[in-house]
Structure formats: structure tokens, C-alpha cells
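So the structure is just underneath, and the comments pick up after that.
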Amino acid sequence: MGLLREGINEMIATTQGNAAPMGFIFRNESASMVLFKGSHTEENIRRDGWVVANVTHDPVVWVRTAFEDLSADAFIDIEAEGRTMQRLAACEAWAAFHATVRHETAETYFVTLEPLGGEVLDPSVHPHNRGFAGIVEATVHATRFMMGRDPALRALIDHHLAIVQKCGGPREREAAALLEGYII
Ligand SMILES: Cc1cc2nc3c(=O)[nH]c(=O)nc-3n(C[C@H](O)[C@H](O)[C@H](O)COP(=O)(O)O)c2cc1C
């Protein structure tokens with residue numbers, strides 16, 4: 001299905017005026033998301049019925065979008081299915097989806113996705129970098145750590161940030177410093 005491959009694709013989800021890291025699930029030929037209640041992303045998807053999956057390898061964008069809002073000029077309008085949606089201005093690729101809430105638990109919404117179109121803007125390849133991967137991992141744990149300050153999660157964050165220092169470049173180290181600032 002276009003950009004998505006089998007499993008969980010970690011991407012930056014854009015909704016109206018908002019961006020956040022989210023998992024786009026692709027299994028058995030169908031795409032879906034599990035949205036924890038309380039985020040801007042789930043609120044916007046339930047209201048508007050669309051989401052755009054963005055590919056970016058900028059580690060600072062991963063940390064920033066997990067913890068705060070981007071300015072309006074970080075988004076570009078795109079047309080899909082006769083509607084205006086928004087992608088990241090600086091993404092490498094994007095895919096737009098019609099999103100439908102199928103069921104709800106006390107903590108989550110399960111949403112199915114139908115592809116509406118997409119584009120690869122920057123075809124450059126990225127050798128795997130453990131520093132970049134470490135930022136994504138540390139950021140997942142950090143979003144959960146903020147909910148209860150569990151010391152086990154803090155240990156996982158520190159583990160991944162140590163790998164970032166060893167294997168990352170300047171942009172990964174900048175993202176690590178930003179992340180440390182959010183979780184103190
Ligand atoms: C790599 C990664 C994957 C994530 N996947 C999900 C997800 O699938 N569903 C979800 O609800 N939150 C997920 N999160 C957490 C959200 O990004 C986080 O709650 C964020 O603050 C939501 O921002 P928003 O309020 O602007 O939507 C993920 C975080 C990271 C770093």
C-alpha cells in the first residue's frame with residue numbers, strides 16, 4: 001500500500017495544523033492506527049476523518065512534534081478527494097488517508113485507513129543509523145515517561161540516548177538535548 005510496508009510504520013502524522021509521531025499499521029492488506037485518547041491527533045482525526053503519513057529523517061522533528069506544536073509554516077496544503085489536507089512542508093514523502101473510527105476502548109480509538117494518494121519528494125536513501133533509531137526509541141519512551149515518570153522508562157531513555165551519543169551525528173545530538181529538556 002504505497003509507502004506503508006507490512007508491520008508498524010513509524011511516521012509523522014499530520015492532521016489540521018498538527019503533527020505528531022504515530023504508528024501506521026499495515027497488516028493483511030489493510031492500514032490502521034491505534035490512537036490513545038487525549039492527543040490532538042485523535043481529536044482532529046475524529047473531527048475531520050483524514051490523516052497524512054509523512055516520512056522524515058530529521059530527528060529534531062521527531063522530538064519536537066512529540067512534545068510541542070509546529071508553527072503554521074511547517075505545513076503545506078494538499079488536495080485529496082476534493083478536500084484540503086496538510087502535510088509537513090519538509091517531508092521526504094507523504095501519503096494521505098481517509099480515516100474512520102471503527103471501535104473504541106477506555107483508552108484508545110481503532111481507526112482504519114483508506115489511501116487517497118501520495119508522493120515521493122526526495123528519493124535519497126538513508127543507511128541505517130543507530131543514533132537516529134535511538135532518537136525514535138527514546139522519544140516513544142519519553143512520551144510514556146511524561147505520564148507517570150516511571151524510573152524503568154527513564155532507564156530505557158538513558159540507554160537509547162547513550163547510543164545516540166555514540167552513533168548519531170550533530171542533528172541527532174541536537175534532538176537528544178531537546179528531548180532531555182522536555183523530560184526534566
Ligand atoms: C515513534 C512514536 C510512535 C508513536 N505512536 C503512537 C501511536 O501509534 N498512537 C498514539 O496514540 N500515540 C503514539 N505516539 C505518542 C504521540 O506521538 C504523543 O502522544 C504526542 O504527544 C501526540 O501529539 P499530539 O497531541 O500533537 O497529537 C508515538 C510516539 C512516538 C515517538
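All values derive from a computational prediction rather than experimental measurement. Note that ligands are numbered from 1 as they come in the structure, with each ligand's atoms numbered from 1 the same way.
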Donor-acceptor side-chain pairing of Asp73 and Ser71 below 3.5 angstrom: yes
Asp122-Ser124 side chain donor-acceptor pair, cut-off 3.5 Å: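 The criterion, which ignores hydrogens and geometry beyond distance, is satisfied for Ser124 and Asp122.
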Please state which protein non-hydrogen atom is closest to [atom] and give its distance, to 0.1 Å?
{"atom": "atom 17 (O) of ligand 1", "answer": "Pro21 O, 2.7 Å"}
{"atom": "atom 5 (N) of ligand 1", "answer": "Gly23 N, 3.3 Å"}
{"atom": "atom 1 (C) of ligand 1", "answer": "Val140 CG2, 3.3 Å"}
{"atom": "atom 25 (O) of ligand 1", "answer": "His40 N, 2.8 Å"}
{"atom": "atom 26 (O) of ligand 1", "answer": "Asn18 ND2, 3.0 Å"}
{"atom": "atom 20 (C) of ligand 1", "answer": "Ala66 O, 3.5 Å"}
{"atom": "atom 22 (C) of ligand 1", "answer": "Ala20 CB, 3.7 Å"}
{"atom": "atom 9 (N) of ligand 1", "answer": "Val34 O, 2.8 Å"}

Met33 touching ligand 1 at heavy-atom level, < 4.0 angstrom: no
Pair listing, salt bridge (charged side-chain N to carboxylate O under 4.0 Å, His left out) test, anchored in residues 77-91, at least two apart: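 The answer is none; no pair qualifies.
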Phe110 and His103 aromatic ring geometry - parallel, tilted or perpendicular at 30°/60° bounds: parallel
Heteroatom proximity flag, Thr143 to ligand 1, N/O under 3.5 Å: no
Ion pair check, Arg171 and Asp58, cut-off under 4.0 Å: yes
Salt bridge flag under 4.0 Å for residues Arg154 and Glu180: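 Salt bridge flag = yes for Glu180 with Arg154.
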Numbered atoms and elements of ligand 1 in range of [X], under 4.0 angstrom, heavy atoms:
{"X": "Leu35", "result": "11 (O)"}
{"X": "Thr139", "result": "31 (C)"}
{"X": "Val136", "result": "1 (C)"}

Backbone of His57 reached by a side-chain donor or acceptor of Glu92 within 3.5 Å: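 Pair found, side chain donor or acceptor close to backbone of His57.
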Minimal non-hydrogen separation, Val51 against Ala99, with atom names: CG1-CB, 4.4 Å
Smallest separation among heavy atoms of Asn9 and Arg5, with atom names: ND2-O, 2.9 Å
Heavy-atom nearest neighbour of atom 6 (C) of ligand 1 within options Glu137, Met22, Glu107, His141: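 Looking at heavy atoms only, the winner is Met22.
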